[in-house]
Number of protein chains: 2
Amino acid sequence: MKLSEGVEWGLHCALLLAEAPAGVPLPRRVLAEHYGLPEAYLAKHLQALTRAGLLHATPGPSGGFRLARPAGEITVLDVLDAIEGPASPFVCQEIRQQGTGAARPEECTRPCAIASVMVRAHQAWRESLRAVTLDQLVNRVPQALRKRNRAKLGTDAPS
Amino acid sequence: MKLSEGVEWGLHCALLLAEAPAGVPLPRRVLAEHYGLPEAYLAKHLQALTRAGLLHATPGPSGGFRLARPAGEITVLDVLDAIEGPASPFVCQEIRQQGTGAARPEECTRPCAIASVMVRAHQAWRESLRAVTLDQLVNRVPQALRKRNRAKLGTDAPS
DNA sequence: CAAGTCGTGGATACTATACATCCACGTTAG
DNA sequence: CTAACGTGGATGTATAGTATCCACGACTTG
Ligand code: SF4
Ligand code: SF4
């Protein structure tokens, strides 16, 4: 079980957009260079975040991406769902209905104990991620780093 | 992010062993046929469970697998750790130290906010799975099914 | 209006991991 | 001894994630 590393990219980019002064979109080239990521592939994940309504994309020169809502209204779970999808990592294969010990379909009307335990664990995981918003994360970024980013992006963007 | 379906196999087999009368080992062929699983591949997962100390394997004729401890002392998390490994699905790539916006190593001494949020969520997931033991799951298996299994395995095993 | 910038979305190739099988070997009951 | 059973390594296949490219439409600027 491995989480797509696109989630890490998405969180970092969202965090950077949350740090940036509002209303100034950052082009994907700046985001990609800032973290040393492949621009073309990062574009896919930014599209996913846009489709999910977390980011807003402005085309044309001096365009780019900005947060679609205040950072306090975007949770880590939102980002994860947009990039990784909300599906549970556990997918039941209904093996109890296979083989010599197969259960009859009428005995499998409701989800079995194994599946429901997995569902509950998945929900606990999601709740933990839903409890954290982007601005809470921004506040834990070291001041020196935030200042450097703000200065760099302020001078890079207008070029 | 997808959980190995070997976890489902391991849980079902462990559950079946918990249902079976104690002391009577089930050979892997019986387990595989009972759920219609590839025997050779299932063997890998059973080995993992054995190495983790959850199952006990007896070689030779009339050998097989049995639980190494009472079902009440084996949690779902034990099975998952044995087969899938205890690692977190989120693996930090340290992209904050890459690209034009790279942070200096001395600014990355302790895990950042993103990573720690992920760790907490992973722990919440694990705690949820640790809270459930095999015998709790056995009790939720329909009586009819348990009876059928017990009868079938009682007549199949001695052949 | 023309040109250059930027996001969109599809097609394609590469890579890591999980899935699956096979076989040679050591151990044990009968 | 012999047949049944688990162990462990080597090997091949399938699937999902990673990465790149290109044609297109939208927009801003001059
Ligand atoms: S629903 Fe439960 S019993 Fe059926 S295959 Fe899934 S885990 Fe097994
Ligand atoms: S530790 Fe935090 S900042 Fe560094 S790469 Fe991982 S998620 Fe990003």
Side-chain angles (χ1 to χ4, degrees), chain A residues 1-10 13 17 24-33 35-66 68 80 83-85 87 89-91 93 95 156-159, chain B residues 1-10 13 17 23-33 35-66 68 80 83-85 87 89-91 93 95 98 156-159:
Chain A
M1 184 177 47
K2 196 174 139 292
L3 198 58
S4 163
E5 68 180 283
V7 172
E8 188 177 350
W9 300 4
C13 289
L17 293 174
V24 185
L26 298 181
R28 64 161 188 242
R29 182 177 50 78
V30 172
L31 290 172
E33 288 174 355
Y35 290 116
L37 303 176
E39 184 181 339
Y41 189 29
L42 177 63
K44 298 289 187 230
H45 294 312
L46 292 175
Q47 280 179 47
L49 292 172
T50 304
R51 269 195 297 270
L54 303 181
L55 301 186
H56 180 262
T58 41
S62 77
F65 294 90
R66 61 174 175 79
L80 189 129
I83 294 182
E84 187 75 25
F90 179 82
V91 285
Q93 304 295 134
I95 68 174
D156 267 7
S159 78
Chain B
M1 183 175 49
K2 195 175 140 292
L3 198 58
S4 164
E5 67 180 282
V7 172
E8 188 177 350
W9 300 4
C13 288
L17 293 174
V24 184
L26 298 181
R28 66 163 187 243
R29 181 179 50 79
V30 172
L31 290 173
E33 287 176 355
Y35 290 117
L37 303 176
E39 184 183 339
Y41 189 30
L42 176 63
K44 300 291 187 221
H45 295 312
L46 292 175
Q47 280 178 48
L49 292 173
T50 304
R51 268 194 299 269
L54 303 181
L55 300 186
H56 181 262
T58 41
S62 77
F65 295 90
R66 60 173 175 79
L80 189 131
I83 293 182
E84 186 77 23
F90 178 83
V91 284
Q93 304 294 135
I95 68 175
Q98 306 287 328
D156 268 6
S159 78

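A, B, ... follow the sequence lines: proteins, then strands. Residue 1 opens every chain. Note: hydrogens, waters and symmetry copies are ignored here, and every other heavy atom, side chains too, is used. Not measured: the values here are computed from a predicted model.
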Taking the nucleotide of DNA chain C with the nearest heavy atom to each, does B/G60 or A/R28 sit closer to the 5' end? A/R28

Find the distance B/L31:CG to D/dG6:C1' and express it as a whole number of Å. 13 Å

Taking only side-chain N and O atoms of B/Y41, does any of them lie within less than 4.0 angstrom of OP1 or OP2 on C/dC19? yes

Separation of C/dA18 atom P from B/M1 atom CE, nearest Å, is 14 Å

Tell me which of B/G63 and A/K44 sits closer to the 5' end of DNA chain D, going by the nucleotide each one is nearest to. B/G63

Residue whose nearest DNA chain D nucleotide is more 5′ - A/H45 or B/E39: B/E39

From the candidates D/dA19, C/dC19, C/dG7, the one with an atom nearest any side-chain atom of A/P38 is D/dA19

To the nearest Å, how far apart are B/Q47 CD and D/dC5 C1'? 12 Å

Expressed as a whole number of angstroms, how long is the span from B/W9:CH2 to C/dC19:C1'? 7 Å

Describe the nucleic acid contact of B/A40 in one word from base, sugar-phosphate, nothing, applying a heavy-atom distance below 4.0 Å. base

Rounded distance (Å) that lies between atom P of D/dG6 and atom CZ of B/R51: 15 Å

Where the side chain of B/P61 is concerned, which of D/dA19, C/dT28, D/dT7 is the nearest nucleotide? C/dT28

Taking the side chain of A/T50 as its heavy atoms from C-beta onward, which of C/dT5, C/dT8, C/dA20 lies nearest to it? C/dT8

Separation of D/dT15 atom P from B/E5 atom CD, nearest Å, is 12 Å

Just the rounded figure in Å: distance from P of C/dG7 to CG of A/L46. 8 Å

Calculate the interatomic distance between A/L42 atom CG and C/dG9 atom P; express it in whole Å. 16 Å

Are any of A/S4's side-chain N or O atoms less than 4.0 Å away from OP1 or OP2 of D/dT18? yes

Minimal non-hydrogen separation, B/Y35 against B/C13, with atom names: CE1-N, 4.2 Å

Please name the pair of heavy atoms, one in B/E8 and one in A/V91, separated by the smallest distance, quoted to 0.1 Å. OE1-O, 3.4 Å

Looking only at the side chain of B/P27 (C-beta and beyond, no hydrogens), which of the listed nucleotides D/dC5, C/dG7, D/dA19 gets closest? D/dC5

Minimum heavy-atom distance A/E84-A/V7, with the two atoms named: OE1-CG2, 3.8 Å

Between A/G6 and A/H45, which heavy-atom pair has the shortest distance, and what is it? CA-NE2, 3.5 Å

Beyond-backbone contact of B/L49 with B/I83, side-chain heavy atoms, under 4.5 angstrom: yes

